[in-house]
Amino acid sequence: MLDINLIRHNLLETKRKLSSRAKGLAPLLDEVYALDSKKRNLQTEIEKWRALRNKQSKAIGLKKLQGEKVEEEFGALKEIGSTIEEKEKELANLEIQLNSLLLSLPNLPHESVPCGGTEANQVVRTWGEPPQPNFPLKTHWELGKALGILDLERSAKLSGSGFSLFLGKGAKLQRALIDFMLEMHTQNHGYKEVWPPYLVREACMMGTGHLPKFANDMYSINNDGLYLIPTGEVPLTNLHREEILSESSLPLRYVAYTPCFRLEAGSAGKDTRGILRLHQFDKVELVQITKPEDSYGALEEMVQHAEKVLQALNLCYRVVLLASEDMGFGAAKCYDIEVWAAGIQSWLEISSVSNLENFQARRMNLRYKSSSGKNILCHTLNGSGTALPRLVAAILENNQKEDGRVLIPEKIRAYFGEEYL
RNA sequence: GGACAGGUGGCUGAGCGGAUGAAGGCGCUCGACUCGAAAUCGAGAAUGGGGACAAAACCCCAUCGCGGGUUCGAAUCCCGCCCUGUCCGCCA
């Protein structure tokens, strides 16, 4: 959520920044501005009436205590009461309009973010070399099927398209990769391991910004109003919703393995082969909660934490700084990490690391008490460290041998136990 | 899922229709005493918002789990919901 004070005092600047994300957003800010001033006028008026009522009610109480008659004063006060009630309804209405508008606006891009669409994305660095063996390369779904570790026919039988089913060594590989990544982030990068719920309340989804705008992308439980998490970011970031943290506890670093559930309503027909786009997939997620002045340092750090995973697995990747129009809803700045998949000859987005600044913190009222005694909104960051299906796809396709076997990266053999799939 | 008991400031805990934004205690901050500390004494200290202002002081409003209702007036009475605890049931 944007800071209403920013819109009040720097309307033009805010409009300019927001416009770089998508066309048509600037007029909404005019609307916010108008609603807000209307709201404040009405609020001031109501408060004057309330002050009057409080004063007179108190006077009645005093009189009554002294045994004086007070009944004749009730009429006038009752009238004030109904005036207030009427205006309060009007105010509540304004507030709902204003709030739903504010909740639907994306975050402002950081000044270092390039303006434009995907064509303006910048490759920041590339690591490793795409493998170029001298035999025809198979895709991960061909390899998975041939090795008997990935059965997409049967996952469709169970759940329809957009699900995966790993068997035997394929299943074990999932477990090994999860374990490997959790160990790395907890032991080397200072994250605290968390095993959170995968169903959360509506308030959590509001807090991270997945609601109200993206209800159509999520699975919900109509029995009790809970939502299946689309990413581990949701439970991790919401851990401290509505809290005032102590300054010394920051930064907080959390890592969790979770499954992720996405309806993918808007992506019908995209990435239909293999396991590149699923309704349910697994991910190791990193989250940091920091002081405002520390968040951009933390962002660079987190990208490197995710990179370490790919480096350890010896997978070629590149880091991309996303342009303003390509970033997610709440991000002020975002890096994607794309891993090379040799079989399908493509870069796969395997991690997305974002600084949300105080966008989520404002929604979830997440603050810390500074040494001066002030309560200050925290900054929140999240990033995948990393997503599993695309990691598996990359390992399969990049490490395949001519005879169809797949070499297990050395660093996870301790977790996996064998040299080949 | 059922029954009962609860939800009040950083914590504990009183208040159960009016002068209470909230007693007492603990903790915290500042000051006095002290060579220093402890003890003692004094003072201060919630959050959000609006107004005014260069800014602060200041004025006002809201907030006692959340949302409604009754009332001139609600932490207090009524209704609904959420959460916590205990017991019972069910269950991995």
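Everything numeric in this text was worked out from a predicted model, so none of it was measured. Protein chains get the first letters and strands the later ones, always in sequence-line order, with residue 1 at the start of each.
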### Task
For residues 7-58 of chain A, pull every pair meeting ring-ring contact (aromatic ring centres under 6.0 Å, His included), keeping only residues two or more places apart or in separate chains.
none
Which side-chain N or O atoms in residues 408-416 of chain A pair as donor and acceptor under 3.5 Å with protein atoms at least two apart or in another chain?
| residue | atom | partner | partner atom | Å |
| --- | --- | --- | --- | --- |
| A:Arg413 | NE | A:Ile408 | O | 2.9 |
| A:Arg413 | NH2 | A:Ile408 | O | 3.0 |

### Query
Between B:A3 and B:A92, how far is it from one C1' atom to the other, in whole Å?
25 Å
### Task
Output yes when at least one side-chain N/O atom of A:Arg201 is less than 4.0 Å from OP1 or OP2 of B:C83, else no.
yes
### Query
Less than 4.5 Å apart, any side-chain heavy atom of A:Lys401 and any of A:Leu407?
yes
### Query
Is the shortest heavy-atom distance from the side chain of A:Lys87 to the side chain of A:Glu45 under 4.5 Å?
yes
### Euclidean distance for P, B:U47 against B:A57 (whole angstrom)
13 Å
### Task
Would you please enumerate the stems RNA chain B participates in, each stem being three or more consecutive Watson-Crick or G-U wobble pairs with both distances under 3.5 Å?
B:1-7 with B:82-88, B:10-12 with B:24-26, B:28-32 with B:40-44, B:46-51 with B:58-63, B:65-69 with B:77-81
### Query
Quick one: A:Glu243 CD to B:G9 C1', roughly how many Å, whole number?
17 Å
### Message
Please report the distance, rounded to the nearest Å, between NE2 in A:His9 and P in B:A54.
### Response
14 Å
### Query
How does protein reach along nucleotides 67-81 of chain B, written 5' to 3' as B (base within reach of a heavy atom under 4.0 Å), S (only sugar-phosphate), or - (no contact)?
-----BS--------
What protein N or O atoms touch nucleotides 47-49 of chain B N or O atoms at under 3.5 angstrom, if any, and at what distances?
| residue | atom | partner | partner atom | Å |
| --- | --- | --- | --- | --- |
| B:U47 | O3' | A:Arg367 | NH1 | 3.4 |
| B:G48 | OP1 | A:Arg367 | NH1 | 3.3 |
| B:G49 | O2' | A:Gln43 | NE2 | 2.9 |
| B:G49 | N2 | A:Glu47 | OE1 | 3.2 |
| B:G49 | N2 | A:Glu47 | OE2 | 3.4 |

### Task
Taking atom C1' in both B:A52 and B:C66, compute the distance separating them and give it to the nearest angstrom.
34 Å
Residues 178-190 of chain A, side-chain donor-acceptor partners within the protein, below 3.5 Å, at least two apart:
| residue | atom | partner | partner atom | Å |
| --- | --- | --- | --- | --- |
| A:His185 | ND1 | A:His189 | ND1 | 3.1 |
| A:His185 | NE2 | A:Gly385 | O | 2.8 |
| A:Thr186 | OG1 | A:Leu182 | O | 2.7 |
| A:Thr186 | OG1 | A:Glu183 | O | 3.2 |

### Message
Could you tell me how far B:A62 sits from B:A75 if I compare only their P atoms? Round to whole Å.
### Response
9 Å
### Message
If you apply the rule side chain to side chain donor-acceptor pair (under 3.5 Å), what do you find for A:His140 with A:Glu397, and how did you get there?
### Response
CA-CA 5 Å; A:His140 65 274; A:Glu397 296 190 2; 2.8 Å; yes
### Message
Are A:Tyr254 and A:Tyr191, when compared by the centres of their aromatic rings, separated by less than 6.0 Å?
### Response
no
### Task
Keeping to residues at least two apart or across chains, list the salt bridge (charged side-chain N to carboxylate O under 4.0 Å, His left out) pairs with something in residues 297-308 of chain A.
A:Arg125-A:Glu307, A:Arg253-A:Glu301
### Candidate pair A:Thr139 and A:Glu142, rule side chain to side chain donor-acceptor pair (under 3.5 Å), full reasoning
CA-CA 5 Å; A:Thr139 62; A:Glu142 291 164 342; 3.3 Å; yes
### Query
For A:Asn10, what residues pass the side-chain contact (heavy atoms from CB on, under 4.5 Å) criterion, not counting sequence neighbours?
A:Leu6, A:Glu13, A:Thr14
### Query
When the distance from CG of A:Leu42 to C1' of B:C61 is rounded to whole Å, what number comes out?
13 Å
### Task
Please measure how far the P atom in B:G65 lies from the corresponding atom in B:C59, and state the result in whole Å.
28 Å
### Task
Give the rounded distance in Å between these two atoms: CH2 of A:Trp49 and C1' of B:G50.
18 Å
### Query
Does anything in residues 95-103 of chain A reach RNA chain B, meaning a heavy atom under 4.0 Å, and if so which residues?
none
### A:Tyr296 ring center within less than 6.0 Å of A:His110 ring center
yes
#### Entry: Comparing A:Leu52 and A:Thr44 on RNA chain B - which has the more 5′ nearest nucleotide
A:Thr44
### Query
Who passes side-chain contact (heavy atoms from CB on, under 4.5 Å) against A:Asn99, sequence neighbours left out?
A:Leu103
### Query
Under the salt bridge (charged side-chain N to carboxylate O under 4.0 Å, His left out) rule, what pairs show up with a residue in residues 145-161 of chain A, not counting sequence neighbours?
A:Lys145-A:Glu153, A:Asp151-A:Arg154
Output a table of donor-acceptor pairs, distance under 3.5 Å, between side-chain atoms of residues 346-354 of chain A and any protein atom two or more places apart or on a different chain; print 'none' if there are none.
| residue | atom | partner | partner atom | Å |
| --- | --- | --- | --- | --- |
| A:Ser346 | OG | A:Ile344 | O | 2.9 |
| A:Ser351 | OG | A:Ser384 | O | 2.7 |
| A:Ser352 | OG | A:Asp336 | OD1 | 2.8 |

### Query
Rounded to the nearest Å, what distance is computed from the CD atom of residue A:Glu242 to the C1' atom of nucleotide B:C83?
14 Å
